[in-house]
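Heads up, the thing below is written out as structure tokens.
Numbers restart at 1 for each chain; the letters A, B, ... are given by sequence-line order, proteins then strands.
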Amino acid sequence: MEAAGISAGIALDHHDDGHDDHHHGPPPANRSSRVSHEVLGMLLFIISEIMVFAAFFAAYFFIRLVAEGHRWFPFEGYELPVAIAGVNTAILLSSSLTMHWAQVSIKNGNRFGLKVGMVLTSLLGATFLFIQINEYIHIGFSPQDHAQGTIFYGLTGLHGAHVLVGLSLLIIVTVRAFRGHFSPEHHHGVEIPGIYWHFVDVMWIVVYTAIYII
Amino acid sequence: MVAKFRGPGMYRAALGTALGTALSYAIIGIFRSWYGLDPLFKGYAVLELSLFLAPIGFLIGLGAFDYWFRWAAGRPTIPDDHSSHGAHSWRDYFKVNTDHKVIGIQYVVTSFVFFFIGGLFAMLMRAELAQPGRQFVDPSTFNGLFSVHASLLIFLFIIPVFAGMANYVLPLMIGAPDMAFPRLNALSFWMLPLAGIMMLMSFGAPGGSFASGWTAYAPLSVTAPEGQVFFTIGVQFAGASSIATALNFLVTIITMRAPGMSFFRMPLLVWANFSTSLLVVIATPFIAVSQFMVLFDRALGFNFFNPTGGGDVLMYQHIFWFYSHPAVYIMMLPGFGIISEILAVKSRKPIFGYRMMAFSLLAIVVLGFTVWAHHMFVSGMQDWIRVPMMITTAIIAVPTGIKIFSWLATLWRGVLHLDTPMLFSLGFLTMFTLGGISGVMLAIIPVTIHVSDTYFIVAHIHYVLFGGSLLTIFAGVYYWFPKMTGRMYDERLGKLHFWTTFIFFNATFAPMHVIGIQGMPRRVADYAEQWAGWNMAISIMSFFLGLSALLFAYNMIVSWRGGPRADSNPWNALTLEWLVTSPPPIFNFDAIPTVVGGPYEYGVPGAVHGVLKGAEVPQPAGATASGASHGSATKDQE
Ligand code: HEM
Ligand SMILES: [Cu+2]
């Protein structure tokens with residue numbers, strides 16, 4: 001997916017300042033901003049991501065409020081499992097906390113905290129996806145049945161795809177953490193996937209509210 | 001032999017493409033057997049998946065991801081030894097190269113290839129339209145021709161050629177050694193040819209190429225033959241490429257400006273690309289999503305645009321135009337930047353109202369998102385949206401008007417050097433103004449209702465895109481040709497190219513206003529007898545217009561190979577790219593230059609914009625020490 005390609009590009013593109021001593025390279029660029037390339041790149045990428053969601057929310061708006069004969073759940077016996085999804089929301093939100101813990105740990109040089117935090121975050125993310133897929137299996141309608149189903153699967157599936165991308169980034173960070181990478185001075189590789197993960201979590205709150213609550 | 005397939009390059013890319021296709025067969029086979037479907041390999045399912053996976057396989061094979069794969073696995077990355085910087089032979093242009101100057105040329109040349117292919121389709125269409133009735137192609141082929149023509153020229157020419165030129169000159173202009181994310185830059189380039197080839201391949205699809213125009217309205221695009229998905233998926237690659245480049249530009253501009261270059265000392269080309277990149281980052285996701293929705297409706301039977309299932313057809317147009325109106329500015333703002341550079345240099349005067357020029361760009365970015373439904377006045381959308389959209393559309397002409405008047409005031413009492421780049425710039429000023437005027441006419445609902453879907457629209461879009469964007473592209477290519485190639489182009493041929501283009505452009509497109517108002521419909525292979533005379537004239541003129549483009553190609557190729565050597569600053573320009581040799585040294589600057597004044601102080605005695613380290617203006621100690629050693633090292637290398 002295009003999101004995956006770009007986010008990998010932003011998160012993983014790396015300075016090679018460290019190698020400059022060993023061979024001739026370009027003069028170091030002037031830094032005209034305090035923000036680092038990677039963080040700024042990720043923030044801008046998140047703007048694009050928000051617009052991807054915005055386009056799906058536009059579809060949600062049309063299907064729920066504008067289209068001929070528009071209606072919303074529950075109808076004709078179709079119901080959404082608000083409570084289970086609520087539990088899932090809690091799981092995803094707590095993964096933001098563990099992520100934050102991992103980030104703080106490595107800033108303080110606590111490698112153990114980093115590793116445990118990353119493993120926990122990845123597990124919570126995977127649990128979220130598992131419950132989500134389970135919900136799909138038992139929900140009783142398909143995207144082919146009606147536009148309401150289409151946009152339900154569309155929005156939650158889009159978000160699920162983002163969880164998957166985020167989870168892949170988290171696993172990369174975890175692998176690297178266990179291989180001894182990152183230090184209090186160099187932890188961009190944790191920070192940037194972290195920003196993405198927090199974004200995915202906040203986006204879920206919006207999706208959850210729009211689909212299940214209101 | 002095995003080694004050829006293991007290392008990054010075209011061999012491994014071919015292998016990657018084959019593996020991507022094989023993987024698509026496997027995935028479809030597995031899923032269909034799981035669901036017990038028959039036949040196991042459904043043609044269109046495999047096709048749609050491999051349109052994603054084969055290009056990705058190609059990119060992996062080519063080596064666009066090698067560094068990141070190693071990084072992700074936590075293995076030691078191969079330190080970039082800059083061997084991929086610079087190009088020593090034409091072969092280097094077929095590799096993943098991280099040098100922004102090489103990527104810039106890759107971009108520009110690739111886009112011009114698609115320009116000539118798209119232009120060829122235009123010639124075929126005009127041949128068909130020379131007379132009423134059916135001449136050379138059948139109606140559905142004609143639909144394919146205009147669709148692929150527009151899609152190639154918009155997504156594979158105008159948008160990327162601007163990105164390519166900026167790729168080359170923008171880092172130089174702000175005094176940066178490269179873009180912020182060089183590897184991402186290489187990846188963005190390589191997605192482009194894939195998108196273009198995909199769109200061209202659609203002619204081989206059963207049922208012919210995609211034929212629903214560059215707008216691909218649902219439900220037509222949902223029910224059209226398989227050729228359609230080559231557009232649906234091709235656009236995803238072109239879109240991903242432009243988003244990645246836009247991020248790269250924004251980060252480069254914000255974080256890598258030379259010391260002393262405040263935002264209000266940036267050349268307007270940099271401002272223009274800053275604004276364009278904001279538009280790309282915000283708007284492009286909408287076209288990506290609109291095409292994904294079409295794909296889901298087509299391939300999996302979703303109901304986004306299916307009214308019987310509770311979907312909404314007009315929703316497609318809203319989402320599409322929420323991208324595509326900003327996209328017309330994505331196709332124009334970089335051109336505004338080019339014109340600002342050239343007009344100031346060639347009339348030897350500071351830009352009039354520099355700050356207004358910058359602010360009007362930002363105003364266009366904001367207002368650009370408020371007018372999308374002016375493309376939908378006759379679509380049957382809610383009536384109440386019409387008048388607000390008419391008002392915002394009239395308002396958005398104001399910042400554009402400000403720019404036109406600033407340019408005119410820049411020319412006022414200047415010492416005009418009427419060489420090729422300047423002629424194209426002046427041509428742009430006049431033609432784009434005419435296109436803007438027909439645009440404001442179209443903003444007026446009663447007018448639009450009368451001329452919607454007629455040749456009046458064709459005239460408008462060609463006055464803004466050909467007379468606007470393309471003329472700025474020609475101006476920019478001539479202007480930076482010495483910098484990019486180290487050679488001068490042939491000035492006489494250049495002027496001839498301008499005059500033939502200017503005359504035959506008007507002869508081709510001006511009459512379309514007339515037949516449009518008379519009601520001749522666009523996008524149809526045949527027309528009523530009453531327009532036969534006009535169309536014959538238009539077709540003949542358009543062939544001459546086509547020939548004039550060949551003059552350009554000839555001039556570029558011959559001058560690149562054997563033109564006289566260009567010195568570092570043939571135009572006496574102030575901006576930083578002209579401080580270094582033509583073409584620039586491999587890392588742009590031996591040491592980062594310092595900016596000490598505005599970019600356009602032409603005619604101001606003693607004014608300088610930037611100085612190289614070690615030049616007259618004294619530098620603080622410390623910084624110079626490392627700068628000097630770097631400097632000597634580069635000289636040794638040369
Ligand atoms: C003063 C500025 C402009 C105004 C007020 C304006 C207005 C409009 C309007 C109202 C339409 C819709 C006509 C219809 O379909 O009934 C239109 C179509 C179009 N405009 Fe403009 N325009 C302006 C500048 C531009 C520029 C700068 C570009 C590109 C560089 C552009 C490209 C197009 C294109 C491609 C279409 C046709 C879309 C299609 O295929 O249906 N316009 N314009
Ligand atoms: Cu528009």
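- With rounding to the nearest 0.5 angstrom, the CD1 atom of B:I253 is 10.0 Å from the OG atom of A:S32.
- Among the candidates B:I282, B:N248, B:I319, the residue making the largest number of heavy-atom pairs closer than 4.5 Å to chain A is B:I282.
- The environment of CZ in B:F264 is crowded: more than 12 heavy-atom neighbours from other residues, nucleotides or ligands sit within 6.0 Å.
- Contact of B:A258 with chain A is made through the backbone alone, with heavy-atom distances under 4.5 Å.
- For chain A, the nearby parts of B:P259 are the backbone and the side chain; heavy atoms of each come within less than 4.5 Å.
- With values rounded to the nearest 0.5 angstrom, A:I63 atom CD1 is found 5.0 Å from B:M315 atom CE.
- Contact between B:V281 and A:L44 at its shortest, heavy atoms only, is CG1-O, 3.6 Å.
- Note that CD of A:E38 and CZ of B:F181 are 5.5 Å apart. Values are rounded to the nearest 0.5 Å.
- A 4.5 Å side-chain heavy-atom check between B:T255 and A:R31 finds at least one atom pair inside the cut-off.
- Your options are A:A54, A:A67, A:S48, and the one with the most heavy-atom pairs under 4.5 Å with chain B is A:S48.
- With a 4.5 Å cut-off on non-hydrogen atoms, A:F61 does not touch chain B at all.
- Inspection of non-hydrogen atoms places A:Q144, A:D145, A:H146, A:A147, A:Q148, A:T150, A:I151 of residues 144-156 of chain A under 4.5 Å from chain B.
- Proximity of B:W71 to A:I172: side-chain heavy atoms (C-beta onward) are separated by under 4.5 Å at one or more points.
- The two atoms that bring A:A29 and B:M256 nearest to each other are CB-CE, 3.7 Å, heavy atoms only.
- Atom CZ of residue A:F56 and atom CZ of residue B:F304 lie 5.0 Å apart, to the nearest 0.5 angstrom.
- Residues A:M51 and B:F322 form a side-chain contact, since some pair of their non-hydrogen atoms from C-beta on lies under 4.5 Å apart.
- Both the backbone and the side chain of B:F302 come within contact range of chain A, judged by heavy atoms closer than 4.5 Å.
- Counted within 6.0 Å of CZ on A:F75, heavy atoms from surrounding residues, nucleotides or ligands total more than 12; the atom is thus considered enclosed.
- Heavy atoms only, all atoms of each residue included: B:A591 and A:P27 are closest at CA-CB, 4.1 Å.
- Here the side chain of A:R179 pairs a donor or acceptor atom with the backbone of B:A73 at under 3.5 angstrom.
- Separating the CD1 atom in A:I47 from the CG atom in B:L247 is a distance of 9.0 Å, to the nearest 0.5 Å.
- Interface remark: of the candidates A:A58, A:G69, A:A59, A:A59 forms the most heavy-atom pairs closer than 4.5 Å to chain B.
- With a 4.5 Å cut-off on side-chain heavy atoms, B:I254 and A:V35 do not count as touching.
- Only the side chain of B:M293 comes within contact range of chain A, with heavy atoms under 4.5 Å apart.
- Heavy atoms closer than 4.5 Å to chain A are found in both the backbone and the side chain of B:L300.
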